[in-house]
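Following: one structure in structure tokens, then a few remarks.
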Amino acid sequence: MAAPSMGGVSLPRGNGQTVRLPRGASLTDLAERINAQPAALVTALFHLGEMVTATQSVNDETLQLLGAEIGWDIQVVSPEDEDRELLSDFDLTFGDEEGDEEDWSSRPPVVTVMGHVDHGKTKLLDALRNSNVVAREAGGITQHIGAYQIVTELEGNERPVTFIDTPGHESFTAMRARGAKVTDIVVLVVAADDGVMPQTVEALNHAQAADVPIVVAVNKIDKEGANPAKIRQQLTEYGLVAEEYGGDTMFVDVSATTRQGLDELLTAILLTADASLDLRANTEQDPQGVVIEGKLDKGRGPVATVLVQRGTLRQGDSIVAGDAYGRVRSLLDEHGNKLKEALPARPVQVVGLTSVPRAGDTFLVVEEDRVARQIADRRQARIRNAQNASMRKRISLEDLDAALKETRQLNLIIKGDNSGTVEALEEALMKIEVDDEISLRVIHRGVGGITKSDIDLALADDVIVLGFNVRAEGQATELANREGVDVRYYTVIYQAIDEIEAALKGMLKPIYEEVQLGTAEVREVFRVPKIGNVAGSLVRSGTIVRNSKARLIRDGAVVADNLSVESLRRFKDDATEVREGYECGIGLGSFNDIKVDDVIETFELREKPRV
């Protein structure tokens with residue numbers, strides 16, 4: 001049965017049937033699924049006010065709009081489902097536990113530390129593992145995810161605990177959300193002298209959405225003004241009731257500075273894990289897990305910090321992580337020591353990948369390098385299509401005229417020290433709202449130092465290069481200086497966002513507002529040879545200024561606009577301005593249609609500051 005004709009083109013009507021499409025699919029992809037001509041879908045979208053080519057990546061909303069119009073229920077497949085379908089093509093699965101009972105063994109709990117910025121999350125971890133991460137963080141803000149394993153003692157037994165430290169800045173929401181997805185327990189850090197803050201609530205929401213137990217660490221109890229009881233009271237409003245109040249949430253008062261309460265915190269974590277969770281994993285299954293962070297190391301190349309979730313990862317395994325693949329050359333722990341294998345819940349650095357994977361990507365081990373390469377290539381194409389669809393600005397027919405005019409766009413290249421930071425910075429920048437007439441486009445992003453090829457790309461089109469915790473290398477610096485490429489370096493995300501927002505506002509065309517200067521009533525009209533008509537007038541309000549803009553009003557209607565006060569005289573003398581209550585002669589240039597009782601209104605255009 002054909003759908004009603006849209007511009008003379010008939011399309012097969014779906015009658016509510018479901019079509020599953022990957023993110024960034026094109027109209028050609030849709031046409032293949034519903035047995036239609038791509039050109040017919042292009043025409044249909046044109047009549048719906050959207051201009052899209054047959055092979056162009058289309059965003060989710062446009063696909064669903066078209067589907068609703070022609071009777072098909074279009075479902076855009078989530079990244080997880082896409083991955084599952086992709087792996088099924090290779091007879092692989094991700095996330096399903098398999099194996100005999102004897103292959104299963106207990107594993108350490110994976111703990112994510114969350115909370116508001118500057119509430120002491122990293123200092124707390126710093127105290128727990130006797131290291132100094134804070135000193136290496138710009139502005140005292142953690143700007144990537146770190147994973148560490150700590151060994152503690154409970155009832156005479158040594159028990160390892162894996163910690164994931166998530167960034168505290170609001171721009172890293174996505175990274176914090178990923179932390180909650182891979183974790184078993186969340187430690188919510190709240191400063192006893194500050195209280196529950198917006199990002200505290202946000203972190204709590206992530207933890208509750210992941211349906212994981214929560215242990216609250218009330219930090220900074222050594223500081224003046226600390227009030228742990230107030231924290232317990234505040235958190236009851238969000239469903240966290242302390243055990244001493246009859247609830248089931250463990251609260252521990254700690255101080256990262258004095259190390260008070262650290263042993264009690266580790267004990268609370270293990271007791272919560274033992275009471276609420278069955279922490280076992282199959283060590284014999286093909287290794288699978290998640291990428292915590294990725295970076296480009298000068299000596300070792302792409303390095304990914306991964307968390308093994310099941311199976312045992314070994315040196316020499318063929319691995320695919322996101323759109324990166326390779327053979328594991330070496331496994332390193334958080335201290336740089338080489339490992340032969342990594343068991344479940346063990347964070348480990350993997351060396352040997354072809355490129356840097358993104359934070360949150362899944363990894364798995366396959367039998368052959370060829371299979372790993374094929375999966376990575378398919379993932380890479382899928383990610384590229386999704387990015388193209390999200391970058392495409394929707395153009396309606398009503399906006400076509402404006403779209404065909406010169407567009408104002410700020411192009412960026414983002415390079416950073418690890419993939420999670422680059423992704424989070426790009427996401428934060430794309431959320432900057434300035435104006436519809438200006439747009440921001442990231443034409444390239446990557447991990448590692450700024451290279452000559454980055455500068456070459458920047459030369460092709462006016463591009464600003466952002467380096468986040470990385471610098472330009474050798475020839476790249478010389479080329480950038482010689483060609484005048486704008487390269488900016490940042491170590492704190494606040495500065496990057498503020499400067500790019502200022503740059504975007506600087507590209508906007510100025511907005512002018514009209515400010516009235518004065519009005520004058522015409523009392524008599526004089527004919528002056530070689531000049532024309534001059535209005536003998538009385539200034540009724542404000543000031544009449546020579547060379548100001550003017551309009552002529554007759555009986556309440558504008559007779560002429562875009563005039564100019566070309567001559568202004570007071571009696572026989574030229575005047576620069578004439579104030580209210582005084583008489584003057586006003587000449588409006590070549591405009592001579594002036595009559596008695598007309599009103600001359602003068603004004604100027606002043607630039608309006610943008611808020």
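These numbers come from a predicted model, not from an experiment. Just so it is clear, the values below take in all heavy atoms, side chains as well, and ignore hydrogens, waters and symmetry mates.
Looking only at distances, no side-chain donor or acceptor of Asp377 sits under 3.5 Å from a matching main-chain atom of Gln374. Side-chain atoms of Lys415 never come within 3.5 Å of backbone atoms of Gly446 as a donor-acceptor pair (strictly under, hydrogens ignored). Side-chain N or O atoms of Asp253 include none that pairs as donor or acceptor with a backbone N or O of Val218 at under 3.5 Å. For the pair Thr152 (side chain) and Leu266 (backbone), a donor-acceptor distance under 3.5 Å is absent. A side-chain donor-acceptor contact under 3.5 Å links Asn219 to the backbone of Ala256. Of the possible polar contacts, none joining the Ser255 side chain to the Ile221 backbone as a donor-acceptor pair under 3.5 Å is found. Formation of a donor-acceptor pair under 3.5 Å by the Thr162 side chain with backbone atoms of Arg346 is not found in this model. Checked by atom type and distance alone, the side chain of Arg107 never pairs as donor or acceptor with a backbone atom of Leu343 at under 3.5 Å. Here the side chain of Glu334 pairs a donor or acceptor atom with the backbone of Gln149 at under 3.5 angstrom.
His444 NE2 to Ile414 CD1: the interatomic distance, rounded to the nearest 0.5 Å, is 10.5 Å. One finds the OH atom of Tyr489 at 15.0 Å from the CD atom of Gln495 (value rounded to the nearest 0.5 Å). For the atom pair CG of Leu339 and CG of Leu313, the computed distance is 10.0 Å after rounding to the nearest 0.5 Å. Here OG of Ser419 is found 11.5 Å from NZ of Lys295. Values are rounded to the nearest 0.5 Å. For the atom pair Leu425 CG and Arg445 CZ, the distance stands at 11.0 Å (nearest 0.5 Å). Note that CD1 of Ile292 and CG of Leu307 are 5.0 Å apart. Values are rounded to the nearest 0.5 Å.
The number of heavy atoms from other shown groups lying within 6.0 Å of CD (Glu367) does not exceed 12. Heavy-atom contacts from other residues, nucleotides or ligands closer than 6.0 Å to CD of Glu368 number more than 12. Residue-environment remark: CD (Gln475) stays at or below the threshold of 12 foreign heavy atoms within 6.0 Å.
Residues Leu429 and Val442 fail the side-chain proximity criterion, which asks for heavy atoms closer than 4.5 Å. Looking at heavy atoms from C-beta onward, Lys338 lies in side-chain contact with Leu332 at the 4.5 angstrom threshold.
Of the charged side-chain nitrogens involved, none lies within less than 4.0 Å of a carboxylate oxygen, so that Lys431 and Glu501 do not count as a salt-bridged pair.
Partners of Asp211 by side-chain hydrogen bond (donor to acceptor under 3.5 Å, both in side chains), not counting sequence neighbours: none found. Residues passing the salt bridge (charged side-chain N to carboxylate O under 4.0 Å, His left out) test with Asp333: none are found, sequence neighbours excluded.
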With side chain to side chain donor-acceptor pair (under 3.5 Å) as the test, would you mind laying out the steps for Ser453 and Asp456 before giving the verdict?
CA-CA 5 Å; Ser453 63; Asp456 289 335; over 6 Å; no

Check: residues 315-327 side-chain donor-acceptor pairs under 3.5 Å, at least two apart:
unit_1 : atom_1 : unit_2 : atom_2 : d
Gln315 : NE2    : Arg329 : O      : 2.9
Asp317 : OD2    : Arg314 : N      : 2.8
Ser318 : OG     : Asp369 : OD1    : 2.4
Arg327 : NH1    : Gly316 : O      : 2.7
Arg327 : NH2    : Asp369 : OD1    : 3.2
Arg327 : NH2    : Asp369 : OD2    : 3.2

